[in-house]
Amino acid sequence: MASLRAVNLQAEAVVVPAGEAAKTLAQAGELYDRLLGARLDRGSVVVALGGGVVTDLAGFVAATYMRGIAWIAVSTTLLGQVDASVGGKTGVDHPRCKNLIGAFHQPAAVLADVSTLATLPEEEFRTGLAEVVKHAVIRDADLFSLLEAQVDRLLARDPQVLEDVVARNVEIKADIVMADPQESGLRRILNYGHTVGHALESVAMASAGKLGGQAVTHGRAVALGMMAEAHIALKRGLMHRGPLERQKHLLKRFGLPVSLDAAVDLDQCLAIMQHDKKAVAGRLRFVLPEGIGAVRDLDDVTADEVCRAIRSLTA
Ligand SMILES: NC(=O)c1ccc[n+]([C@@H]2O[C@H](COP(=O)([O-])OP(=O)(O)OC[C@H]3O[C@@H](n4cnc5c(N)ncnc54)[C@H](O)[C@@H]3O)[C@@H](O)[C@H]2O)c1
Ligand SMILES: [Zn+2]
């Protein structure tokens, strides 16, 4: 607020409650009231200051208020900086479906100040690291090696390493999104780890966020999802054991889970994946790694392969 005032920009702050529960049409409705109350017009700008929830919500309000006004994402979580603030997907949740209501609306600018990450709770920081590992596996072997070399400094949130890692991740995501802004092809590779991951997350959600005794956050589910999906690639001969072990070791060092201590309901997982619209004639669509730094988008994965992969998590 002070820096906006310092350059003679009039600004008004609107605060929303923390957490996913704020990503609703009702909350967006309240924000429209506030924007109108503050007399924002088509020349005004929304500045979204916060994590992915705030940038998704504020970006969506900016996309729809007066048919779209400009917005700037100022991301304060690791997941927000490396993922949610880049790519122009904005939106809110429907009571029955996450991110159902939304719009593609690119921010005019994205600001990521890694010093904000100093106060981020450990679990939230880990969630961001899962997406960082994902970006490295799908696209950038050098980033993967850098992560392996800098685990300790990263976990200590050394600003220099963080700046380097965040910048490389933004480049990777921006590069993919620019090649495929509306998700008709290449952008799908960002789903690595997320097909099984979302299923595990949904199953956990139905039992107080836990699988067995383990808490399953988004980042934890994605880590498990990447292990299961790498297992499918291993069994198909797409990926060797070596890179799979490197992925496993790095996730572990980041404090992310690579196995489950209790079996999950496979039928329930499969039903969720098939419902995710990725199934064509009983075969599922998956982004599978061919090693570290490259993936392939396949649409012929069988339910049997998926079950074996999920079972491998408890082996
Ligand atoms: N638009 C996209 O492309 C995209 C991509 C990935 C995820 N998302 C969305 O992002 C959301 C998740 O974002 P998230 O992981 O940033 O969660 P979040 O926005 O809920 O933030 C996590 C928690 O950290 C707090 N927080 C934020 N910054 C902080 C800081 N600097 N210090 C201390 N606490 C801080 C928040 O108040 C919140 O309690 C989901 O709704 C997801 O759907 C969107
Ligand atoms: Zn994710």
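These values consider heavy atoms only, across backbone and side chains, with no hydrogens, waters or symmetry-generated copies. Whatever order the structure lists ligands and atoms in, that order sets their numbers, starting from 1.
A donor-acceptor pair under 3.5 Å links the side-chain atoms of Ser85 to the main chain of Gly80, judged by distance alone. Formation of a donor-acceptor pair under 3.5 Å by the Arg42 side chain with backbone atoms of Gly68 is found in this model. For the pair Glu305 (side chain) and Thr302 (backbone), a donor-acceptor distance under 3.5 Å is present. In this structure, Gln214 contributes its side chain and Asp261 its backbone to a donor-acceptor pair below 3.5 Å. Distance alone, capped at 3.5 Å, is enough to place a donor-acceptor pair between the Lys173 side chain and the Asp83 backbone. Looking at Arg139, its side chain never comes within 3.5 Å of a backbone N or O of Asp175 through a donor-acceptor pair. No donor-acceptor pair closer than 3.5 Å links the side chain of His231 to the backbone N or O of Glu229. When atom types are taken as modelled, the side chain of Glu201 and the backbone of Thr217 share no donor-acceptor pair closer than 3.5 angstrom. Looking only at distances, no side-chain donor or acceptor of Arg188 sits under 3.5 Å from a matching main-chain atom of Glu183.
Backbone and side-chain nitrogen or oxygen atoms of Thr127 are examined, and none is located within less than 3.5 angstrom of a nitrogen or oxygen of ligand 1. Backbone and side-chain nitrogen or oxygen atoms of Val53 are examined, and one is located within less than 3.5 angstrom of a nitrogen or oxygen of ligand 1. For a threshold of 3.5 Å applied to N or O pairs, the pair formed by Thr90 and ligand 1 contains no separation below that value. Checked by distance only, ligand 1 and Gly52 come closer than 3.5 Å through their nitrogen or oxygen atoms. Considering both main-chain and side-chain atoms, Arg187 never comes within under 3.5 Å of ligand 1 through any nitrogen or oxygen pair.
With a 6.0 Å radius and a threshold of 12 heavy atoms from other residues, nucleotides or ligands, Lys98 has its NZ atom above the threshold.
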Report task. Walk me through it: do Arg236 and Glu290 pass the test salt bridge (charged side-chain N to carboxylate O under 4.0 Å, His left out)? Result -> CA-CA 10 Å; Arg236 286 193 159 211; Glu290 297 180 298; over 6 Å; no
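The single protein non-hydrogen atom nearest to atom 43 (O) of ligand 1 is Lys98 NZ, 2.8 Å, given as residue, atom name and distance. Looking only at protein heavy atoms, the nearest one to atom 34 (N) of ligand 1 is Pro121 CD, 3.8 Å. Among protein heavy atoms, atom 7 (C) of ligand 1 sits closest to Leu79 CD2, 3.7 Å. Distance from atom 35 (C) of ligand 1 to its nearest protein heavy atom, with residue and atom name: Leu120 CD1, 3.7 Å. When hydrogens are left out, the protein atom nearest atom 28 (N) of ligand 1 is Thr76 OG1, 2.8 Å; that is the closest non-hydrogen contact. For atom 36 (C) of ligand 1, the nearest non-hydrogen atom of the protein is Ala18 CB, 4.5 Å. Nearest non-hydrogen protein atom to atom 27 (C) of ligand 1 is Thr77 CG2, 3.3 Å.
Rounding to 10 degrees, one finds that the Zn ion (ligand 2) sits at the corner of an angle of 110° between His218 NE2 and His194 NE2.
By the criterion of a heavy-atom distance under 4.0 Å, the side chain of Asn99, and not its backbone, is placed next to ligand 1. For Thr119, heavy-atom contacts with ligand 1 shorter than 4.0 Å involve the backbone as well as the side chain. Under 4.0 Å from ligand 1, not a single heavy atom of His218 appears. For Asp56, every heavy-atom contact with ligand 1 shorter than 4.0 Å involves the side chain, none the backbone. The residue Glu131 has no part lying near ligand 1, judged by heavy-atom distances below 4.0 Å.
Ser145 and Asp142 are not linked by any side-chain donor-acceptor pair at a separation below 3.5 angstrom, with hydrogens and angles left out of the test.
Aromatic ring pairs are classed by plane angle as parallel below 30°, tilted from 30° to 60° and perpendicular above 60°; the pair His198 and His218 is tilted.
Counting heavy atoms from C-beta on, the side chains of Val165 and Gln150 never come closer than 4.5 Å.
The protein reaches atom 30 (C) of ligand 1 closely, with a heavy atom under 4.0 angstrom from it. Per-atom contact check: atom 2 (C) of ligand 1 touches the protein, criterion being a heavy-atom distance below 4.0 Å.
At least one heavy atom of Asp83 sits less than 4.0 Å from an atom of ligand 1. Using a non-hydrogen distance threshold of 4.0 Å, Gly128 does not register as a contact of ligand 1. Residue contact annotation: Lys173 has a non-hydrogen atom under 4.0 Å from ligand 1.
Nearest-residue assignment for atom 4 (C) of ligand 1 (options Ala84, Gly19, Gly80, Gly51; heavy-atom criterion): Ala84.
Counting just the N/O/S atoms of Glu131, the one with the shortest distance to the Zn ion (ligand 2) is named OE2.
Under a 4.0 Å N-O distance rule, the pair Arg253/Glu148 does not qualify as a salt bridge.
When Val74, Val47, Leu49, Thr116 are each tested for a side-chain contact (heavy atoms from CB on, under 4.5 Å) with Leu111, only one passes: Val74.
Listed by number with element, the atoms of ligand 1 under 4.0 Å from a non-hydrogen atom of Thr116 are 30 (C), 31 (N). In the vicinity of Glu124, heavy-atom distances shorter than 4.0 Å reach the ligand 1 atoms 22 (C), 23 (C). For ligand 1, the atoms sitting less than 4.0 Å from at least one non-hydrogen atom of Glu20 are 40 (C), 41 (O), numbered in the order shown with element in parentheses.
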